[in-house]
There are 2 protein chains.
Amino acid sequence: MTDKKIIPMTDDIEIPPRRPLTLRDVSEASGVSEMTVSRVLRNRGDVSLATREKVLKAAKTLGYVPNKIAGALASSRVNLVAVIIPSMSNMVFPEVMTGISEVLDDTPLQPVVGVTNYLPEKEEEVLFEMLSWRPSGVIIAGLEHSDASRAMLKAAGVPVVEIMDVDGEPVDAVVGISHRRAGREMARAIVKSGYRNIGFLGTKMPLDHRARKRFEGFTEALAKEGIEVMDQEFYSGGSALAKGREMTETMLQRSEDIDFLYYSNDMIGAGGLLYCLDQGIKVPSDLGLAGFNGVELLDGLPRKLATMDSGRKAIGREAARIIAGRIDGSITEGGQRIELTPKLEPGETLRRYR
Amino acid sequence: MTDKKIIPMTDDIEIPPRRPLTLRDVSEASGVSEMTVSRVLRNRGDVSLATREKVLKAAKTLGYVPNKIAGALASSRVNLVAVIIPSMSNMVFPEVMTGISEVLDDTPLQPVVGVTNYLPEKEEEVLFEMLSWRPSGVIIAGLEHSDASRAMLKAAGVPVVEIMDVDGEPVDAVVGISHRRAGREMARAIVKSGYRNIGFLGTKMPLDHRARKRFEGFTEALAKEGIEVMDQEFYSGGSALAKGREMTETMLQRSEDIDFLYYSNDMIGAGGLLYCLDQGIKVPSDLGLAGFNGVELLDGLPRKLATMDSGRKAIGREAARIIAGRIDGSITEGGQRIELTPKLEPGETLRRYR
DNA sequence: ACTTTGTCTGTTATCGCTAACCTCTCCGAT
DNA sequence: ATCGGAGAGGTTAGCGATAACAGACAAAGT
């Protein structure tokens with residue numbers, strides 16, 4: 001207040017700050033200590049109404065944006081939750097994110113996303129990078145990680161929730177469904193409907209452990225009925241819908257007797273369905289179809305594809321709840337395990353119970 | 001090295017560190033100064049091979065993860081680029097992200113995503129939050145921002161690239177297409193194909209400025225031909241594909257003479273197309289259809305929907321290039337403007353030139 | 001032998017903020 | 001009058017890294 005700086009007076013009202021603003025600038029502008037400004041800006045401790053308003057006004061007119069880097073370092077509190085997922089471009093992870101955001105929006109926490117493209121090395125990199133920002137929690141897809149990744153997760157000293165899958169050993173908490181079981185249940189439903197010559201069409205199979213586990217559960221349950229998968233086809237890359245068409249065509253030509261196609265996800269399943277309708281193949285009487293995930297896209301198809309809802313939004317919500325609870329102290333122990341039950345949605349591409 | 005801590009000796013070999021590791025721990029473990037460790041870990045300055053190896057080994061066995069918060073504060077360098085987009089769940093932004101990542105992967109920079117759900121207030125919040133981490137650059141969708149947001153962007157003192165749209169005044173650089181022009185061109189193509197009774201079906205229209213501008217350009221070009229949009233229908237929320245069906249049904253019932261439907265995006269367009277095929281409506285002879293975006297999903301449809309590719313990946317790449325260039329100093333001035341040209345893809349839902 | 005140069009490593013002072021502690025005032029209870 | 005304690009705000013010391021400068025030492029030049 002007393003020390004005046006020589007400011008070149010021009011016609012401008014705003015003096016664009018070359019150097020980014022700090023608490024000190026606000027403190028000088030409002031005539032109180034930096035600490036008080038800090039208190040006002042964080043709504044901490046007792047500050048008189050008058051001072052509070054003075055400070056807020058100064059901060060606003062200056063356009064002050066607090067530096068969280070400094071804040072985080074000083075308080076060793078970071079309101080970030082690392083979310084590590086394999087991909088953003090299929091319909092599944094955006095929905096998981098929605099569930100996570102829904103819950104975190106009511107907390108001071110903020111999700112930060114890292115994408116691994118289903119590559120373990122990339123996962124390791126992304127994890128390392130994210131942990132170096134010292135997030136307050138980690139949500140990570142899948143249970144399969146490199147040793148180094150697991151070590152980092154353990155050493156991070158923050159809550160970790162592995163999501164999507166429960167078939168395996170989690171580092172800490174886990175929220176998901178059993179994909180093996182999902183595969184088994186679908187197999188049973190298919191057999192129950194009277195199909196016997198079954199083909200499997202899959203995606204990114206070496207890398208997508210969840211798809212792999214579904215396939216394993218699927219073949220296992222079929223084996224119990226004395227049935228073997230008649231044909232299989234894998235792909236990766238390209239437009240899933242178009243790939244679904246192509247693969248379906250290929251398989252139907254190769255294996256004429258086939259009467260059911262189980263797809264590793266709804267997108268290629270939808271492609272297959274559209275292909276069948278185009279070709280005038282009678283679905284579900286001559287050929288049954290099923291996918292996996294329960295994406296809402298299916299609602300717009302001419303016929304509703306049989307699928308199994310994987311509860312993505314719920315998974316996101318539960319995972320976020322665990323993280324939030326552990327951070328705010330309302331949950332004290334770790335290692336929780338939430339297994340959701342996928343629901344079979346028979347749609348219209350599975351013969352009615354016979 | 002000299003001061004021994006009392007550690008309860010158990011059978012475990014690893015002593016899980018309760019307190020997160022710091023440079024000091026590595027420095028003590030390897031017998032050199034913190035500074036040297038820092039140099040090794042960042043590959044800066046000269047360090048003898050012997051020391052380097054010693055340090056790296058210590059860091060690895062301890063499982064040290066550098067604290068970027070401290071690093072960023074000390075160096076006032078943050079390798080993050082804030083990317084602010086309205087939504088993650090449609091197909092367009094994941095593709096933009098792909099373009100961005102492609103370019104940033106070759107740099108030390110890392111994208112961090114914030115989602116606004118098309119809400120200006122949320123955009124302001126997200127922007128504030130991200131700027132408080134002092135990113136090295138900002139990529140933000142759209143040219144329409146609240147005054148406060150624009151002020152923050154200007155004051156941030158980092159390169160800003162507004163993407164997707166070029167119809168308006170950017171804060172700094174801009175990369176995108178002209179949606180007004182896209183609308184106009186589509187209108188011309190439609191009229192040229194002989195359609196006259198044209199309906200428009202749109203999404204999230206009050207909030208999605210790009211869709212609005214396309215609509216404006218569209219009606220403007222039609223007006224030049226003395227044509228008025230015959231009917232229009234808007235929606236928000238729900239499964240886009242299913243909504244496309246519903247809206248199409250509604251409109252066709254309401255306005256019997258209609259012979260063309262222009263959709264504000266490919267997803268609802270695809271829904272409309274599927275509906276028409278279901279109903280046995282002759283596309284494109286009795287009814288023409290067109291969407292917008294050029295999403296790859298269209299490749300799998302029974303008939304290829306007319307659309308206009310918005311070059312999302314290219315937009316992401318160009319934006320990232322500007323940011324990267326400005327940060328590494330290879331680009332010195334700001335304010336660049338890159339207008340990409342959307343390409344009409346007539347597909348099979350637009351009558352051939354008559 | 002003595003400076004010069006370069007290589008490698010250590011020391012010191014921040015970066016912008018917050019935790020923890022401290023001071024001062026004022027007011028009611030005793 | 002004295003004391004306790006709440007309310008309001010200030011002071012000091014880091015948080016964990018890095019920039020910038022400052023040695024130490026060995027090889028090289030004169």
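A, B, ... follow the sequence lines: proteins, then strands. Residue 1 opens every chain. Values below: every heavy atom of this structure, side chains too, minus hydrogens, waters and symmetry copies.
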To the nearest angstrom, the CG-P distance between A:D46 and C:dC22 comes to 18 Å
query: Regarding B:S101 and B:T98, is there a side-chain donor-to-acceptor distance under 3.5 Å anywhere?
result: no
**Test: A:R24 and A:E34 ion pair at under 4.0 Å** = yes
Between the CG atom in B:L80 and the CG atom in B:L104, the distance rounded to the nearest 0.5 Å is 10.5 Å
Computed from five pairs at either end and rounded to 10 degrees, the angle between the axes of the helix from C:dA1-D:dT30 to C:dT30-D:dA1 is 50°
For nucleotides 11-17 of chain C, 5' to 3', base contacts (B), sugar-phosphate-only contacts (S) and non-contacts (-) with protein non-hydrogen atoms under 4.0 Å give B---BBB
Of the candidates D:dA19, C:dC8, C:dA19, the side chain of B:R77 sits closest to D:dA19
query: Any side-chain donor-acceptor pair under 3.5 Å between A:R326 and A:Q336?
result: yes
Protein-nucleotides 23-26 of chain D N/O pairs under 3.5 Å:
none

Quick note, salt bridge (charged side-chain N to carboxylate O under 4.0 Å, His left out) partners involving residues 36-55 of chain B, not counting sequence neighbours, are none
- Query: Is the shortest side-chain N to carboxylate O distance from B:D172 to B:K154 below 4.0 Å?
  - Reply: no
Those residues at least two apart in sequence (or on a different chain) that pass side-chain hydrogen bond (donor to acceptor under 3.5 Å, both in side chains) with A:T116 are none
OG of B:S136 to CD of B:Q110, rounded to nearest 0.5 Å, is 11.5 Å
The side chain to side chain contact (heavy atoms under 4.5 Å, CB included) partner of B:V126 among B:E123, B:E129, B:E124, B:M130 is B:M130
Rounded to whole Å, CD of A:E53 lies from C1' of D:dA8 at a distance of 16 Å
With sequence neighbours left out, the residues meeting side-chain hydrogen bond (donor to acceptor under 3.5 Å, both in side chains) with A:D328 are A:S330
In whole angstroms, the gap separating C1' of D:dG16 from CD of B:E28 amounts to 14 Å
